[in-house]
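Everything below concerns the one structure shown next.
Count residues from 1 along the sequence. Everything quoted here is computed from the prediction, not taken from an experiment.
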Amino acid sequence: MNSFRLSFFLPFVALLAMLIVACSSDEDSDGDYSPDGDTDVIEEEIDADSVDGDSSGDADWELSEQDGDLVEETPELRCSADSRYLEVKEGENWRQIDCWENAAGYCRQNVCVPNWIPADESVAFSSCSDDPHAVPYTLAEKAAHMDKLMENLHVHPDHGLVAPLLLEDDYYGNWAAANGKVLESMSEADYLAAEEAAGFDDVKEYYPGANDGLFTSIYVASQVFRYAATHERQALDNIKLTLGGTYRQLLITGTPGTYTRMYINPGIKGFSCPENPCNYWPDHGRDDVDKNDDRLVRVENGCIQHFGNGEYVSDSECTGEWITEETCGLDEFNGYCWLDNVSKDEYTGHMMAAALAYKLVDDPEVRAIASDILDRVIENFIANDLSFVDHDGEITEHGEMWAYTNDGYPGFHAVLDLSWILAGAVATGREDFMEYYENCLLKEGGPLQCSQRLLEDADTSYMKHLEEALLLYVGKNACGSNWNNISMAFISMFHLLWNETDPERRARYQAVLEDHMIRENGNFRDVIRQKNAMYNFIYASLRDNRNGMNVEVVNDAICQLQQFPISKADTDISNTQEERPANPDCPDRSGSAYLADTPQEIWQRCPQTNVWWSCPYYWDNCSRNPQKLHPGSDYLFTYWMGRYFNFIGEDF
């Protein structure tokens, strides 16, 4: 049995109620209680050992003197008829505590209980350790190994971003010789020990990429859940390093609210900026205005420089000159190079990481950085009419985010826009952000024209876009779907639901999650069938669980984590056309490949930077290379999320 017991929450909520009674003044006793959600402060001020957990209201309770008053008895408690509030009786009046604001849940048995705690206390999630493809390590052992490699290899302290890597050619041979082993006969345990022994000096090359911001943010979120579940100091240090790395991605562009896709600090072993200026031409020789491809730029003398005004033939043959742009004042980044043309994928990750860090981490430094990130981004996002404007003054290729842009569907953009702006409003307390969310996007105050974009109108709520035009599943049998969009929508709905406290809006968001995301009109490729632990845990934690938990979805996710390899080195995997035939009637969205009819499970999938983010209907083939190590942030994100939501027991 691995679900929280209601008895765990009874002393806390009863004491919370007493604290409200003790600290409330006569002049505000008739008003609504609006807690700030800082339960850590409340826990620190109350001695939980002085209570016995009896919530019946018959026991005597003692609390230390506060403001000269001594509370001696438990106040009378009840749940509101709609289960939204815990109600505390004060004289003849009832004070209401919003359970969603305080616990992201509902009132049950006179307690605010998180939504992801099963109402039926007999419910237990399976460890799935008997899965035929489970690897012989516990989930905790795999997390410990991957956490260590992230800290020792994948996130350099002078870089702060996550990257795949290649170890030195002779690394394993040297390790074998130093440890009395024979390289040719090393066991799996030997290779795991060698991985854990590796350090930054053993890295031959890092592989930064166009989605470094996204995948670093996934790692930030993993450590946020790790810290929230364990309060380990190492997890907090990891958050500060990598959230700080994403913050530097925001600063290095010199453009308010605009991220780089990735940056390179050439002073770190394994990282280097190209010496040949031809490499700074974008693919296909993009000119200085067209945003069809990403451009690598550099920082010299505190100013951004790009290479152009010439002719591009190839990465080894071109003419041109270095052009110094007007954006300067970046002296701390001298010698760096970075990639422009940031996309909505990166922003989706950044906004989630900042929103979760602000919500779940009690460290003032982390919350300040998270709040500042959201403040900078959302202020400029709104100022630029829901778009990303790059250092050259142009909207990035995938930076058009209003509902009726050609680069996506209205409902897909709606879930991203709503989640980002609400997260900014919550973290900063800015009323203008909340007004934009409620009145410009949701039209709560009636028709309002906030956008000057073509086809945007004053009447249509983004809620309607979300409910009627999410359109994640495209084409017959969803063959033309964009799995990047599916992942972005899930990540965005995750913190949109957590931050939304209005019960009517939240219920509508939950209906979208249920009817248009996890399922879609019986589509046999909908998310509930995709063997994706990330999607499953997000869904299980924030669907409306008052009438029962979807245990099968949680158990399926746990089985995928059991199959997850402990090492993310390249390995031998072969899926033949005979074993997993691609369907010629199911071309993918590019028309260049066909999808299989059944999703790959984790044991069938090749290691990559984030296995949950990609389409599971392609059949993978890969070859063993123990030197090539992929970051474990995909596993860690789902594992620590599952631990925080108590889907995963410590002994699994």
Side-chain angles (χ1 to χ4, degrees), residues 128-137 139 141-142 145-146 149 154 164-167 169 171-172 183-192 194-195 205 207 209 211 215 477-479 481 483-484 486-487 524-525 529-536 556-635 638:
C128 204
S129 56
D130 58 350
D131 185 287
H133 300 290
V135 299
Y137 303 93
L139 301 186
E141 287 171 338
K142 289 189 284 191
H145 180 74
M146 293 187 201
L149 265 61
H154 290 287
L165 59 91
L166 187 71
L167 293 173
D169 295 341
Y171 173 71
Y172 287 105
L183 178 62
E184 291 73 18
S185 59
M186 279 175 54
S187 66
E188 179 183 53
D190 292 332
Y191 274 101
L192 293 178
E195 285 182 5
E205 184 178 3
Y207 299 108
N211 286 319
F215 296 135
N477 293 327
C479 297
S481 301
W483 262 260
N484 293 327
I486 294 173
S487 293
F524 75 86
R525 281 194 179 83
R529 308 166 198 267
Q530 288 183 22
K531 304 298 182 182
N532 189 309
M534 178 178 75
Y535 296 155
N536 285 15
D556 181 71
I558 294 170
C559 289
Q560 296 307 302
L561 293 181
Q562 288 287 7
Q563 293 179 12
F564 218 103
I566 189 170
S567 171
K568 286 199 66 180
D570 276 353
T571 189
D572 288 318
I573 290 180
S574 175
N575 289 293
T576 67
Q577 173 70 5
E578 290 73 23
E579 293 169 331
R580 298 192 66 257
N583 186 343
D585 293 327
C586 191
D588 69 3
R589 65 189 179 99
S590 68
S592 60
Y594 300 106
L595 304 186
D597 288 340
T598 57
Q600 294 182 107
E601 297 190 61
I602 288 298
W603 69 273
Q604 298 170 301
R605 302 188 71 173
C606 294
Q608 53 184 286
T609 302
N610 193 313
V611 69
W612 311 123
W613 206 264
S614 59
C615 174
Y617 293 99
Y618 297 112
W619 38 287
D620 282 355
N621 289 284
C622 44
S623 300
R624 185 174 184 273
N625 181 0
Q627 290 172 244
K628 179 71 177 291
L629 297 177
H630 302 267
S633 42
D634 47 4
Y635 177 85
T638 45

Separation of Asn536 CG from Gln530 CD (nearest 0.5 Å): 9.0 Å
From Gln608 CD over to Cys622 SG, what is the distance, rounded to the nearest 0.5 angstrom? 9.5 Å
Note, Asp570 side chain near Ser623 side chain (heavy atom, < 4.5 Å): no
Short question: side chain of Arg624, backbone of Asp572 - any donor-acceptor pair under 3.5 Å? no
Distance, nearest 0.5 Å, that separates CG of Leu165 from OH of Tyr207: 8.5 Å
Validation row: Lys531, Pro616 side chains within 4.5 angstrom (heavy atoms): no
For the student: nearest non-hydrogen atoms of Cys559 and Asp131, plus distance: CB-OD2, 3.8 Å
Go through the structure and list residues passing side chain to side chain donor-acceptor pair (under 3.5 Å) with Asn532, not counting sequence neighbours. none
Are Gln604 and His133 linked by a side-chain donor-acceptor pair shorter than 3.5 Å? no
Quick one: are Pro565 and Ile602 in side-chain contact, heavy atoms under 4.5 Å? yes
Trace of the side-chain hydrogen bond (donor to acceptor under 3.5 Å, both in side chains) decision for His630 with Asn610: CA-CA 9 Å; His630 302 267; Asn610 193 313; over 6 Å; no
Any side-chain heavy-atom pair from Leu192 and Ile566 closer than 4.5 angstrom? yes
State the CZ-CG distance between Phe564 and Leu139, to the nearest 0.5 angstrom. 11.0 Å
If we only count heavy atoms from C-beta on, is the Arg605 to Ser614 side-chain gap below 4.5 Å? yes
Just wondering, do Asp588 and Cys615 contact through their side chains at under 4.5 Å, heavy atoms? no
Short question: side chain of Lys142, backbone of Gln562 - any donor-acceptor pair under 3.5 Å? yes
Does some side-chain heavy atom of Leu166 sit less than 4.5 Å from a side-chain heavy atom of Asn625? yes
When rounded to the nearest 0.5 Å, the distance separating OG1 of Thr638 from OH of Tyr535 is 12.5 Å
Check the side chains of Ser487 and Asn484 for a donor-acceptor pair under 3.5 angstrom, ignoring hydrogens and angles. no
Describe, in one word, how the ring planes of Trp613 and Phe215 are oriented to each other, choosing from parallel (under 30°), tilted (30 to 60°) and perpendicular (over 60°). perpendicular
So which atom in Ser592 and which in Ser590 form the shortest heavy-atom distance, rounded to 0.1 Å? OG-OG, 2.6 Å
Residues which pass ring-ring contact (aromatic ring centres under 6.0 Å, His included) with Tyr172, listed by chain and number, not counting sequence neighbours: Tyr191
